[in-house]
Amino acid sequence: MSVAEYMQQIGAQAKAAATVLATVPSLTKNKALMAMASALDSSRLSLIAANTKDLAAGRANGLDASMLDRLTVTDAGIDAMMLGLQQVAELADPVGEISDMKFRPSGIQLGKMRVPLGVVGIIYESRPNVTVDAASLCIKSGNAAILRGGSEASHSNQVIAVCLKQGLLAAGLPATSVQVIETTDRAAVGELITLTKFVDVIVPRGGKSLIKRVSAEARIPVIKHLDGNCHVFIEDEADATKAINIVINAKTRRYGVCNALESLLVCESRAQEILPQLAQGLQEFDIELRLCLLAMAQIGSYQGSLVAATEDDWYTEYLAPILSVKVVSDMEAAIEHINVYGSHHTDSMVTENYTKAREFIARVDSSSVMINTSTAFADGFEYGLGAEIGISTDKIHARGPVGLEGLTSQKYIVFGDGHTRS
């Protein structure tokens, strides 16, 4: 069977399963999710063994540290997957929710009902946990899922796929409700993103090259973000201790994630006070600092690497222990910088001035805008979504972390009693 024929088969099976899932009761969907968690628990040894093969191949193929970190599955990671399934099961089911009911002058009653999107195709790299997150959210929101993980995680994903199928069958749902593409042939991606007859939306999660390719070639609507060039702005009325703790956490918690801090902006009036203290805090993490001229003059002693920033640095998502730092004159300059160089993902301001905080929130054009907190909180789990299918920097149809509601749409429903239009 050719790749094209294989993908057509996958698509047809997903479409048929989506028809069933659209009307499945919450209790059944929750039963499937909990059965998936039990299957994962029973498959710990085989999953970790499969992941060991993936990691060995990844090292042999020269994967960098951040990619290997994303690829790794541990006992704690399996616990987290199971917890995610449980949390999604506990979330309110958005499907069938009716809102905005009202009578029109004609006498008809009009409202909106939340419905699944249908078939969701998800293309991702490295992280085997995405297989579980994506499956759980799709099933709970009544969608069938076609999952195409990266070849570097193929062994891990196939073990997870078996667990997902066991959970579906235990709840009496079609085994094809979640399909993990088995072939590692790159042509499968090209086929998936053009399956207009079967697939309703594509969600790419991975590197910029993958997302650019999918965005350029897809003939199906795409939910995506290209970059996570996240900012923290230390405003002139910031609490210095808060600011330093927030920056260190946002930058060093994990480097290879899209909500990691990449660009720091410091108000000129506070630079001489805060930058030397911040440098001391970052020193133990061996962060390379790429500094504007004003920041370079104020940074003080630093044992790590100090580099003069270039124009490209303000645009860059490093996903590495590198931080660009710029001193700005005021909040106006900071907002302008973020809206020009940022990626509309997540941006935070540290300030004790409530009025300025409100203005920052209103004027920064990003999917998450924060005050006095780390950008690391831009995450579906932290937002109470249970998990996320991805983070969207688009404005239609979903924005920010995409959970259950983001995987549904609405249709108008109309009630009458023999009404006819004159």
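Side chains are part of it too, since the values below use all heavy atoms of this structure and drop only hydrogens, waters and symmetry mates. Predicted, not measured: the structure shown is a model, and the values here were computed from it.
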Trainee: State, yes or no, whether a side-chain contact exists between Glu152 and Ser126 at a heavy-atom distance under 4.5 Å.
Mentor: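 Contact flag for Glu152/Ser126 side chains = yes.
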Trainee: Has Lys251 got a side-chain atom pairing as donor or acceptor with Ile322's backbone, closer than 3.5 angstrom?
Mentor: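 Yes, Lys251 side chain to Ile322 backbone: donor-acceptor pair under 3.5 Å.
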Trainee: By salt bridge (charged side-chain N to carboxylate O under 4.0 Å, His left out), which residues pair with Asp236, not counting sequence neighbours?
Mentor: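 Asp236 satisfies salt bridge (charged side-chain N to carboxylate O under 4.0 Å, His left out) with Lys356 only.
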Trainee: Could you tell me if Asp227 and Tyr315 have a donor-acceptor pair between their side chains, going purely by distance under 3.5 Å?
Mentor: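 No - no donor-acceptor pair under 3.5 Å links their side chains.
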Trainee: Might you work through the side-chain hydrogen bond (donor to acceptor under 3.5 Å, both in side chains) test for Asn51 and Ser156, ending with a clear yes or no?
Mentor: CA-CA 5 Å; Asn51 186 247; Ser156 304; 3.1 Å; yes
Trainee: Check Ser99 against Gln410 and note the closest heavy-atom contact, atom names and distance.
Mentor: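 Nearest heavy atoms, Ser99 then Gln410: OG-NE2, 3.6 Å.
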Trainee: Are the aromatic ring centres of His225 and His344 under 6.0 angstrom apart?
Mentor: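 They do not qualify: ring centres at least 6.0 Å apart.
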Trainee: Backbone N or O of Gly403 within a donor-acceptor pair of the Glu388 side chain at under 3.5 Å?
Mentor: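 Judged by distance alone, no pair lies under 3.5 Å.
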Trainee: I need the minimum non-hydrogen distance between Ile146 and Ile181, along with the two atoms involved.
Mentor: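 Looking at all heavy atoms of both residues, the shortest contact is CG2-CD1, 3.8 Å.
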Trainee: Hey, are Asp79 and Arg44 close enough for a salt bridge, meaning a charged N less than 4.0 Å from a carboxylate O?
Mentor: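 Yes.
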Trainee: What is the distance from atom CG of Leu173 to atom NZ of Lys31, rounded to the nearest 0.5 Å?
Mentor: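 Reported to 0.5 Å precision, the distance equals 9.5 Å.
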Trainee: Out of curiosity, Cys230 SG to Glu317 CD, how far, rounded to the nearest 0.5 Å?
Mentor: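 Going from the SG atom of Cys230 to the CD atom of Glu317 covers 7.5 Å.
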Trainee: Can a donor-acceptor pair be found, under 3.5 Å and without considering hydrogens, that links the side chain of Ser43 to the backbone of Ser46?
Mentor: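 Side chain of Ser43 to backbone of Ser46, a donor-acceptor pair under 3.5 Å: no, none is there.
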Trainee: Are the side chains of Asn157 and Tyr124 in touch, meaning some heavy atoms are under 4.5 Å apart?
Mentor: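 Heavy-atom side-chain distance check passes, below 4.5 Å.
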Trainee: Are any side-chain N or O atoms of Gln13 and backbone N or O atoms of Thr176, one a donor and one an acceptor, separated by less than 3.5 Å?
Mentor: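 Answer holds: no.
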Trainee: What distance separates Leu55 CG from Leu63 CG, expressed to the nearest 0.5 Å?
Mentor: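 That separation rounds to 9.0 Å.
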Trainee: Determine whether Asp54 and Ser154 make a side-chain contact, defined as any pair of heavy atoms from C-beta on separated by less than 4.5 Å.
Mentor: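 Yes - at least one pair of side-chain heavy atoms lies under 4.5 Å apart.
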Trainee: Looking only at the side chains, is there a donor atom on one of Glu311 and Tyr341 sitting less than 3.5 Å from an acceptor on the other?
Mentor: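 Side chains of Glu311 and Tyr341: pair found under 3.5 Å.
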Trainee: Just by distance, no angles: are the side chains of Asn249 and Ser374 close enough, under 3.5 Å, to form a donor-acceptor pair?
Mentor: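 Yes, Ser374 and Asn249 have a side-chain donor paired with an acceptor closer than 3.5 Å.
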Trainee: Side-chain donor-acceptor pair under 3.5 Å between Ser368 and Tyr383, yes or no?
Mentor: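 Ser368 vs Tyr383: donor-acceptor pair found between side chains.
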Trainee: Hey, what do you get for CG (Asp312) to OG (Ser324), rounding to the nearest 0.5 Å?
Mentor: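 The CG atom of Asp312 sits 11.5 Å away from the OG atom of Ser324.
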Trainee: Would you confirm whether Asp347, through its side chain, and Gly342, through its main-chain N or O, come within 3.5 Å as a donor-acceptor pair?
Mentor: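 Judged by distance alone, no pair lies under 3.5 Å.
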Trainee: Tell me the closest heavy-atom pair linking Ser367 and Ile391, and the distance in Å.
Mentor: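 Answer, listing the atom of Ser367 first, then Ile391: OG-CG2, 4.3 Å.
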Trainee: Taking the side chain as every heavy atom from C-beta outward, state whether Val162 and Lys165 have any atom pair closer than 4.5 Å.
Mentor: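 No, too far: nothing below the 4.5 Å cut-off.
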Trainee: Mind listing the closest non-hydrogen atom pair of Leu385 and Pro401 along with its distance?
Mentor: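 Scanning both residues completely, I find the closest heavy atoms to be CD1-O, 3.6 Å.
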Trainee: Report yes if some heavy atom in the side chain of Ile389 is under 4.5 Å from a heavy atom in the side chain of Asp133; otherwise report no.
Mentor: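 No, every pair of side-chain atoms sits at 4.5 Å or beyond.
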Trainee: Ignoring hydrogens and geometry beyond distance, is a side-chain donor-acceptor pair present between Ser141 and Asn143 at under 3.5 Å?
Mentor: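 Checked: Ser141/Asn143 side chains pair up, N/O donor to acceptor below 3.5 Å.
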Trainee: Side chain to side chain contact (heavy atoms under 4.5 Å, CB included) between Met34 and Gln86: does it pass, once the steps are laid out?
Mentor: CA-CA 6 Å; Met34 297 311 296; Gln86 179 182 340; 4.2 Å; yes
Trainee: So, does Thr183 use its side chain to make a donor-acceptor pair with the main chain of Asp185 at under 3.5 Å?
Mentor: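 Between the backbone of Asp185 and the side chain of Thr183 there is a qualifying donor-acceptor contact (under 3.5 Å).
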Trainee: Please answer whether the main-chain N or O of Thr184 pairs with a side-chain N or O of Arg148 as donor and acceptor at a distance below 3.5 Å.
Mentor: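 Checked: pair present.
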Trainee: Testing the basics here: between Arg399 and Thr393, what is the closest heavy-atom pair and its distance to 0.1 Å?
Mentor: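 Of all heavy-atom pairs spanning Arg399 and Thr393, the closest is NE-O, 4.4 Å.
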Trainee: Taking all non-hydrogen atoms of both residues into account, name the closest pair between Pro116 and Ala22 and its distance.
Mentor: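 In this case the closest contact between Pro116 and Ala22 is CG-CA, 4.0 Å.
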Trainee: Is a donor on one side and an acceptor on the other found under 3.5 Å between the side chain of Asn61 and the backbone of Gly58?
Mentor: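 Checked: no pair found.
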Trainee: Can you find a heavy atom in the side chain of Leu192 that is under 4.5 Å from one in the side chain of Val199?
Mentor: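 When only atoms from C-beta onward are counted, Val199 and Leu192 do touch, with a gap below 4.5 Å.
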Trainee: Salt bridge between Asp64 and Arg70, side-chain N to carboxylate O under 4.0 Å?
Mentor: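 Salt bridge absent between Asp64 and Arg70.
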Trainee: Using a strict threshold of under 4.0 Å (side-chain N to carboxylate O), is an ion pair present between Glu288 and Arg290?
Mentor: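 Yes, charged N to carboxylate O under 4.0 Å.
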Trainee: Any donor-acceptor pair under 3.5 Å linking the side chain of Asn372 with the backbone of Lys242?
Mentor: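 No, the answer is negative, given that no donor and acceptor are paired below the 3.5 Å cut-off.
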Trainee: Got Val73 and Met81 here, is their nearest side-chain heavy-atom distance under 4.5 Å?
Mentor: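 Touching, per the 4.5 Å side-chain cut-off.
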Trainee: Is any side-chain heavy atom of Gln158 closer than 4.5 Å to a side-chain heavy atom of Val180?
Mentor: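 They are in contact (side-chain heavy atoms under 4.5 Å apart), so the answer is yes.
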Trainee: Kindly say whether Asn229 contributes a backbone atom to a donor-acceptor pair with the side chain of Ser343 at under 3.5 angstrom?
Mentor: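 Yes, because the side chain of Ser343 sits within donor-acceptor range (under 3.5 Å) of the backbone of Asn229.
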Trainee: Looking at CG of Leu306 and CD1 of Ile287, how far apart are the two atoms once the value is rounded to the nearest 0.5 Å?
Mentor: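 Reported value, rounded in 0.5 Å steps: 12.5 Å.
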Trainee: Hey, is Asp93 close enough to Arg114 for a salt bridge, meaning N to O under 4.0 Å?
Mentor: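 Not counted as a salt bridge, because no side-chain N and carboxylate O are separated by less than 4.0 Å.
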